[in-house]
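Below, chains carry the letters A, B, ... as their sequence lines are ordered, and counting in each starts from 1. Values below: every heavy atom of this structure, side chains too, minus hydrogens, waters and symmetry copies.
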Number of protein chains: 2
Amino acid sequence: MTETTTKTYTISELAKEFNVTTRAIRFYEDKGILSPSRDGQKRIYGPRDRILLKLTLRGKRIGFTLAESQKLFDMYQHGEDNKDQLNTMLATLDEKDALLAQQKLDIEEMEAELQAARERCLTAIKKIDNT
Amino acid sequence: MTETTTKTYTISELAKEFNVTTRAIRFYEDKGILSPSRDGQKRIYGPRDRILLKLTLRGKRIGFTLAESQKLFDMYQHGEDNKDQLNTMLATLDEKDALLAQQKLDIEEMEAELQAARERCLTAIKKIDNT
DNA sequence: CTCAAGCTTGACGTTAACGTAAAGGTAAAC
DNA sequence: GTTTACCTTTACGTTAACGTCAAGCTTGAG
């Protein structure tokens with residue numbers, strides 16, 4: 001009764017789902033981020049790969065490099081028994097948190113400026129229309 | 001009584017203030033973002049250059065390319081009379097706003113994950129300490 | 001059988017954003 | 001007058017993150 005088959009994905013399925021190229025996905029494997037199993041030649045991706053891909057792409061959107069993401073994943077997985085490594089990871093996490101905080105400020109300020117620019121645009125357009 | 005002298009900066013002053021290299025600042029000039037005046041050979045930066053530099057760096061922190069920042073600045077300055085250009089700019093602003101909204105979500109989720117990772121770290125360290 | 005669709009592994013090309021010398025002008029300090 | 005500290009231009013080097021062929025396996029449809 002208990003299903004033991006885990007969901008799998010082909011490379012192009014993942015590519016479509018996350019809107020990236022297959023080339024990019026293979027590239028992430030090269031960088032040690034993904035490690036799909038194989039069916040003969042073909043790559044088979046499991047749920048774990050899917051999550052890692054998702055996290056990687058999210059990281060990218062907020063400015064993490066692939067190397068940074070990979071490092072985090074790596075520490076997260078193989079650091080359970082090494083205190084030094086755990087502390088290194090805590091430091092890394094703090095560092096990232098600080099960056100995110102700064103980014104939030106930057107985003108707020110940028111949004112205000114975009115809004116100001118938008119209003120200036122609209123005013124200028126009105127002026128033109130009244131000519 | 002009314003002072004008309006505007007504050008000016010040397011390249012290294014700006015570099016120090018914003019913690020970037022002089023090379024980077026000259027690079028931004030190459031890209032058309034800054035346009036300092038000269039005192040003989042030497043570059044003289046005014047308040048306007050300073051602001052543009054600040055905005056550029058802020059943009060960078062949230063993932064804007066230099067070309068994108070430059071394009072925004074350019075539209076902001078020379079678009080007052082061209083309706084098409086104003087509308088293009090409005091579209092660009094909307095696009096950027098959408099990206100910023102996505103980034104906010106990404107940051108929230110990433111912070112949650114970093115927090116979870118941090119707690120896992122701390123737990124693991126405790127376990128080690130109790131060994 | 002063959003043919004198109006999708007997979008594979010190289011391997012060279014590209015863009016962005018500077019880094020890094022190299023080689024020299026200038027100006028205040030000693 | 002010669003170091004020292006900045007400034008300049010020119011130009012080749014570098015890293016990240018893929019893009020873009022090339023050349024070939026394989027597999028289900030017709």
Side-chain angles (χ1 to χ4, degrees), chain A residues 8-46 49-50 52-74 92 96 99 103 106, chain B residues 8-46 49-50 52-74 92 95-96 99 102-103 106:
Chain A
T8 64
Y9 312 83
T10 70
I11 193 168
S12 53
E13 278 166 1
L14 285 185
K16 195 168 293 182
E17 176 174 1
F18 293 108
N19 200 35
V20 294
T21 65
T22 60
R23 174 69 177 91
I25 295 180
R26 290 195 198 95
F27 184 74
Y28 298 158
E29 183 178 348
D30 250 46
K31 293 294 161 178
I33 291 174
L34 304 178
S35 39
S37 50
R38 297 282 180 140
D39 168 23
Q41 280 257 91
K42 293 177 184 171
R43 274 166 253 253
I44 303 291
Y45 298 87
D49 296 301
R50 211 188 78 106
L52 287 177
L53 177 54
K54 190 173 183 173
L55 291 177
T56 302
L57 296 176
R58 175 186 299 157
K60 279 203 57 176
R61 285 196 299 270
I62 54 180
F64 285 31
T65 67
L66 295 181
E68 284 171 334
S69 293
Q70 201 274 334
K71 191 183 157 197
L72 279 174
F73 299 158
D74 200 58
T92 307
K96 287 298 166 199
L99 279 182
Q103 274 194 51
D106 286 331
Chain B
T8 65
Y9 312 85
T10 71
I11 193 168
S12 54
E13 278 167 0
L14 285 184
K16 194 169 292 183
E17 175 174 2
F18 293 109
N19 200 35
V20 293
T21 65
T22 59
R23 174 70 177 92
I25 295 182
R26 290 194 200 97
F27 184 74
Y28 299 158
E29 182 178 348
D30 250 45
K31 293 293 161 178
I33 290 174
L34 304 178
S35 38
S37 50
R38 298 282 180 141
D39 167 24
Q41 279 255 92
K42 293 179 183 171
R43 276 166 252 254
I44 303 291
Y45 298 87
D49 295 302
R50 210 188 79 106
L52 287 177
L53 177 54
K54 189 174 186 176
L55 291 177
T56 301
L57 296 175
R58 175 187 298 157
K60 280 203 57 177
R61 286 196 298 270
I62 55 180
F64 284 32
T65 67
L66 295 182
E68 285 170 334
S69 293
Q70 200 274 334
K71 191 183 155 196
L72 279 174
F73 299 158
D74 200 58
T92 306
E95 201 180 295
K96 286 298 166 201
L99 279 182
Q102 174 63 52
Q103 273 194 52
D106 287 331

For B:Ser12, what residues pass the side-chain hydrogen bond (donor to acceptor under 3.5 Å, both in side chains) criterion, not counting sequence neighbours? B:Thr10

For A:Lys71, the side chain to side chain contact (heavy atoms under 4.5 Å, CB included) test, sequence neighbours excluded, returns A:Met75, A:Thr92

Among residues at least two apart in sequence or on other chains, which ones pass side chain to side chain contact (heavy atoms under 4.5 Å, CB included) with B:Lys54? B:Phe18, B:Arg58

List the residues meeting salt bridge (Lys or Arg N to Asp or Glu O under 4.0 Å) with A:Arg61, not counting sequence neighbours, and say none if there are none. B:Asp106

Residues of residues 25-40 of chain B with a heavy atom under 4.0 Å from any atom of DNA chain C, listed by number, are B:Phe27, B:Tyr28

Just to verify, what does A:Lys16 make a side chain to side chain contact (heavy atoms under 4.5 Å, CB included) with, not counting sequence neighbours? none

Return the value, rounded to whole Å, for the distance between atom NZ of B:Lys16 and atom P of D:dC7. 9 Å

Looking at DNA chain C, which of residues 17-24 of chain B put a heavy atom within less than 4.0 Å of it? B:Thr21, B:Arg23, B:Ala24

With sequence neighbours excluded, what pairs up with A:Glu29 under the side-chain hydrogen bond (donor to acceptor under 3.5 Å, both in side chains) test? A:Arg43

Sorted by chain and number, sequence neighbours left out, side-chain hydrogen bond (donor to acceptor under 3.5 Å, both in side chains) with B:Glu17 holds for B:Arg50

To the nearest Å, give me how far apart CG (A:Leu57) and C1' (D:dC18) are. 13 Å

Nearest whole Å is fine: how far is C:dA17 C1' from B:Gln70 CD? 15 Å

Which residues satisfy the side chain to side chain contact (heavy atoms under 4.5 Å, CB included) test with A:Thr21, sequence neighbours excluded? A:Arg23, A:Ala24

Answer yes or no: does a side-chain N or O of A:Lys60 lie under 4.0 Å from OP1 or OP2 of D:dA16? no

Heavy-atom side-chain contact between A:Tyr45 and A:Leu53 under 4.5 Å: no

Salt bridge (Lys or Arg N to Asp or Glu O under 4.0 Å) filter on A:Glu68, not counting sequence neighbours, yields A:Lys96

Pairs under 3.5 angstrom, nitrogen or oxygen only, protein versus nucleotides 23-28 of chain D, please.
none

